[in-house]
Amino acid sequence: MLDVNVVEQVESQLKEAIKQAVLKAELASQEEMPQVVLETPKDKSHGDYATNMAMQLARVAKKNPRQIAEEIVEQIDQQKASVKSIDIAGPGFINFFMDTSYLTDVVNTIFDQGEDYGQSNVGQDERVQIEFVSANPTGTLHLGHARGAAYGDTLANVMEKAGYSVEREYYINDAGNQIDNLAKSIEVRYFEAIGEEKDMPEDGYRGQDIIDLAKGLVDSHGRQFFEMDETERLQKFREHGLKHLLHQIKQDLEAFRVPFNSWFSEMSLYEEGKVEEAVTSLREKGYVYEEDGAVWFRSTEFGDDKDRVLIKQDGTYTYLTPDIAYHQNKINRGFTHLINIWGADHHGYVTRMKAAIQALGNSKDLLDIKITQMVNLFENGEKVKMSKRTGKAITMKELIEEVGLDATRYFFIMRSNDSHLDFDMDLARSESNDNPVYYVQYAHARICSMLKQAEEKGVDVEATADLSLLVAEKEIDLLKRLGDYPQVISEAATKKMPHRIPQYVFDLASDLHSFYNAEKVIDLEQVELTKARIALMKATRTVLKDALQIIGVHAPEQM
RNA sequence: GUCCCGGUAGCUCAGCAGGAUAGAGCAACAGCCUUCUAAGCUGUCGGUCGCAGGUUCGAAUCCUGCCCGGGACGCCA
């Protein structure tokens with residue numbers, strides 16, 4: 001069991017003190033008590049915390065909020081709640097100025113917990129599966145996939161930290177039309193490579209990756225496939241293409257620091273009869289009917305625009321059917337929360353997928369589908385086109401080579417997934433203070449450098465320090481920020497907003513730089529203060545490194 | 001036509017389970033290196049929070065309608 005973190009503890013004490021004061025002043029009964037809301041005012045002159053309790057009580061108590069505020073303040077046990085002074089302001093806000101000495105405990109907590117600092121159990125070990133990327137193995141990963149990968153990986157990291165039991169899965173669409181197309185596309189490129197003619201199918205894959213793959217086949221097998229019977233040849237190309245492209249995808253993801261626990265094959269669902277079972281299951285529940293020679297799923301029962309075909313006239317399944325079987329399989333594996341991360345171009349399928357989840361007898365909240373919006377690349381102020389069809393697409397791998405791994409990870413996660421992302425390559429590449437990645441990494445390197453020099457100057461950096469010496473404004477700011485970390489983690493996890501992490505880490509870096517410029521850490525004239533500041537630096541370094549690790553960015557020791 | 005996302009400072013974006021004078025970075029302007037990395041810091045300038053109604057003591061935040069931008073609407077995946 002983790003210690004309740006310092007900041008939470010102080011906040012709940014203050015809330016309790018407010019509640020007790022309201023009861024003592026007989027402004028409301030236990031039953032009438034509104035939820036105590038504590039907020040941190042933007043303006044420092046409004047204190048460390050503020051509550052709107054008096055305004056909330058105005059109706060119940062039938063009094064002027066300012067008067068209510070005064071009555072509450074009279075009854076508050078300031079000592080117990082670590083409150084130094086209280087103001088009443090504006091329409092009836094009660095502003096609390098805290099005795100900030102409790103903040104130094106944050107440093108001790110960070111030392112005790114190390115990289116576990118920030119962990120919580122808000123997730124209560126719930127078994128969550130996050131399925132992401134899941135790009136068809138018909139080409140290399142491009143920018144949209146990279147965004148999904150960065151989002152999914154960071155979300156998984158942050159949810160793990162918040163106490164969820166997370167599995168990361170990649171669904172391999174290794175069955176269906178697109179794989180037949182892949183085989184045919186390879187065939188065309190193969191023929192081209194040996195000087196034979198073959199027309200590219202309408203929806204063939206025209207990317208450079210397929211051309212390269214075909215050339216590779218010529219190198220290793222010569223004209224061997226040309227001599228083969230077409231069916232056999234296509235089967236070979238199918239197998240080879242799948243294997244090769246999937247391998248490439250795995251390598252790309254690994255290089256992007258995005259690990260998966262599980263790679264789930266669509267084909268396996270067919271092989272084990274699970275697709276058929278899914279249809280049977282829906283049929284038994286009365287959501288299946290036949291019309292125009294096709295088999296339909298009555299998804300309109302669950303709010304869909306129209307019913308969806310499960311089995312086409314030609315007897316084959318639509319993509320939806322194995323997907324339903326797949327989700328049933330996920331549920332069977334015991335996950336109580338499913339998160340799918342899809343690109344914006346798939347948002348139209350959310351309703352039918354959720355309909356299927358419900359038709360199978362589950363709450364629609366079991367499945368949470370997060371959509372990542374489109375990515376546009378910019379270079380020299382101009383939009384860089386990225387079309388898979390023309391073969392001129394910029395792949396994820398190329399982007400990483402172009403701007404660097406850390407910058408790519410950071411840029412993809414620093415914006416809300418709901419926003420379109422303008423990826424500024426010049427900015428990502430620039431080794432300047434414009435670049436937020438360098439700004440944040442520099443904070444970490446700066447601390448490392450200070451610690452090194454402190455050691456060289458003979459300061460005992462491991463010594464126990466008197467943290468009560470940390471009273472300067474910038475020190476308090478930094479301590480407060482460090483204290484916020486656990487809440488940032490749990491909020492990013494529960495709201496599924498991993499972009500909160502880069503925002504936090506930027507603010508933390510900003511507090512560090514600001515402190516650095518205001519106060520001198522290593523001061524041999526003031527050894528005790530130096531020790532206290534070194535302790536603060538070490539704590540800051542721990543949190544910086546941990547937060548960067550969550551978003552998949554390295555924390556360099558020197559720059 | 002229907003659905004999804006966005007519309008906040010000149011630019012890119014945060015804030016959105018309602019709270020006080022709406023924030024950051026960049027850009028522009030003015031300062032700070034004989035002192036722990038200036039890849040840094042400090043200050044100034046800059047906004048009818050798309051528009052119009054509504055709910056509320058209080059709305060960028062919630063509701064309704066409209067406008068603009070992007071995306072999706074297949075018995076493809």
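In what follows, every heavy atom counts, from backbone to side chain, and hydrogens, waters and symmetry copies are set aside. Just so it is clear, the structure is predicted and the values come from calculations on it, not from any experiment.
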Legend entry - Residue-phosphate contact under 4.0 Å: A:Y516 side-chain N/O, B:rA38 OP1/OP2: yes
Legend entry - Same-atom distance (P) from B:rU61 to B:rA52, integer angstrom: 13 Å
Inset, instruction - For B:rG69 versus B:rC51, give the span between their C1' atoms, rounded off to a whole number of Å. - result: 15 Å
Inset, instruction - Name the nucleic acid region contacted by A:A50, choosing base, sugar-phosphate or nothing; use a 4.0 angstrom heavy-atom cut-off, strictly under. - result: base
Inset, instruction - Would you tell me whether A:E131 and A:S134 have side-chain atoms, one donor and one acceptor, within less than 3.5 Å of each other? - result: yes
Inset, instruction - Using a cut-off of strictly less than 4.0 Å, decide whether A:Y410 has a side-chain nitrogen or oxygen near OP1 or OP2 of B:rG25. - result: no
Legend entry - Sugar-phosphate only, base, or nothing, as touched by A:Q503 at under 4.0 Å among non-hydrogen atoms: sugar-phosphate
Legend entry - A:Q178 and A:N181 side chains, donor-acceptor separation under 3.5 Å: no
Inset, instruction - Kindly state whether the pair A:F506 / B:rA24 counts as stacked, where counting means centroids closer than 5.5 Å and planes tilted less than 30° apart. - result: no
Legend entry - Distance-only donor-acceptor check, side chains A:Q373 and A:D418, under 3.5 Å: no
Inset, instruction - Side chain of A:R415 only, please: which of B:rC75, B:rU12, B:rU2 is the nearest? - result: B:rU12
Inset, instruction - Using a 4.0 Å heavy-atom cut-off across all strands, classify A:S514 as base, sugar-phosphate, or nothing. - result: sugar-phosphate
Inset, instruction - May I ask you to say what A:A518 touches in the nucleic acid, namely base, sugar-phosphate or nothing, with a heavy-atom cut-off under 4.0 Å? - result: nothing
Legend entry - Residue whose closest nucleotide on RNA chain B lies nearer the 5' end, A:Q558 versus A:E491: A:E491
Legend entry - Test: A:R415 and A:D422 ion pair at under 4.0 Å: no
Legend entry - Among B:rC36, B:rU42, B:rA39, the nucleotide that comes nearest once only the side chain of A:Y438 is considered: B:rA39
Legend entry - Under the 3.5 Å Watson-Crick or G-U criterion, the dot-bracket string of RNA chain B, with | for inter-strand pairs: ((((((((.[[[[.)...(...]]]].(((((.......))))).....[[[[[..)....]]]]])))))))....
Inset, instruction - For A:Y439, answer base if it contacts any base atom (sugar-phosphate contacts may also be present), sugar-phosphate if it contacts only those atoms, and nothing otherwise; contact means non-hydrogen atoms under 4.0 Å. - result: sugar-phosphate
Legend entry - Contact under 4.0 Å: A:R533 side-chain N or O vs B:rC36 OP1/OP2: no
Inset, instruction - Say whether A:T351 and A:D304, considering side chains only, have a donor N or O and an acceptor N or O under 3.5 Å apart. - result: no
Inset, instruction - Indicate whether OP1 or OP2 belonging to B:rC76 is found under 4.0 Å from a side-chain N or O atom of A:K312. - result: yes
Inset, instruction - Output yes when A:K474 and A:E519 qualify as a salt bridge under the 4.0 Å nitrogen-oxygen rule, no when they do not. - result: no
Inset, instruction - Could you tell me whether the side chains of A:Y289 and A:D307 share a donor-acceptor contact shorter than 3.5 Å? - result: yes
Inset, instruction - Could you check whether A:K495 gets within reach of a base, just the sugar-phosphate, or nothing at all, counting any heavy atom under 4.0 Å? - result: base
Legend entry - Phosphate-side-chain proximity, A:T372 and B:rC5, N/O vs OP1/OP2 below 4.0 Å: no
Inset, instruction - Between A:K520 and A:N517, name the one whose nearest nucleotide on RNA chain B is closer to the 5' end. - result: A:K520
Inset, instruction - Check each of A:F132, A:F264, A:W263 against A:Y170 using the ring pair (Phe, Tyr, Trp, His ring centres under 6.0 Å) test, and report the only one that passes. - result: A:W263
Inset, instruction - Cation-pi check, A:R446 to A:Y516: give yes when NZ or CZ is under 6.0 Å from the six-membered ring centre and within 45° of the ring axis, no otherwise. - result: yes
Legend entry - Sugar-phosphate, base or nothing in reach of A:T316, heavy atoms under 4.0 Å: nothing
Legend entry - Any A:H499 side-chain nitrogen or oxygen under 4.0 Å from OP1 or OP2 of B:rG15: yes
Inset, instruction - Would you classify A:A294 as touching base, sugar-phosphate or nothing, given that sugar-phosphate means primed atoms plus P, OP1 and OP2, and contacts are heavy atoms under 4.0 Å? - result: base
Inset, instruction - Determine the interatomic distance between P on B:rC16 and the same-named atom on B:rU55; round to the nearest Å. - result: 25 Å
Inset, instruction - State the syn/anti category of B:rC68 according to its glycosidic angle, syn meaning within 90° of 0. - result: anti
Inset, instruction - Would you kindly say whether A:S265 and A:D174 are connected by a side-chain donor-acceptor distance under 3.5 Å? - result: yes
Inset, instruction - Report yes if the ring of A:H346 lies under 5.5 Å from the six-membered base ring of B:rA72 with planes under 30°, and no otherwise. - result: no
Inset, instruction - Report yes if a side-chain nitrogen or oxygen of A:R500 is closer than 4.0 Å to either non-bridging phosphate oxygen (OP1 or OP2) of B:rC16; otherwise report no. - result: yes
Legend entry - base_contact_polar (B:rA20 base, A:N95 side chain, donor-acceptor, <3.5 Å): yes
Legend entry - Donor-acceptor pair between A:T138 and A:N136 side chains, under 3.5 angstrom: no
Please tabulate, one pair per line, each protein N/O and nucleotide N/O from nucleotides 69-71 of chain B that are separated by under 3.5 Å, including the distance.
unit_1, atom_1, unit_2, atom_2, d
B:rG71, N2, A:H347, NE2, 2.5

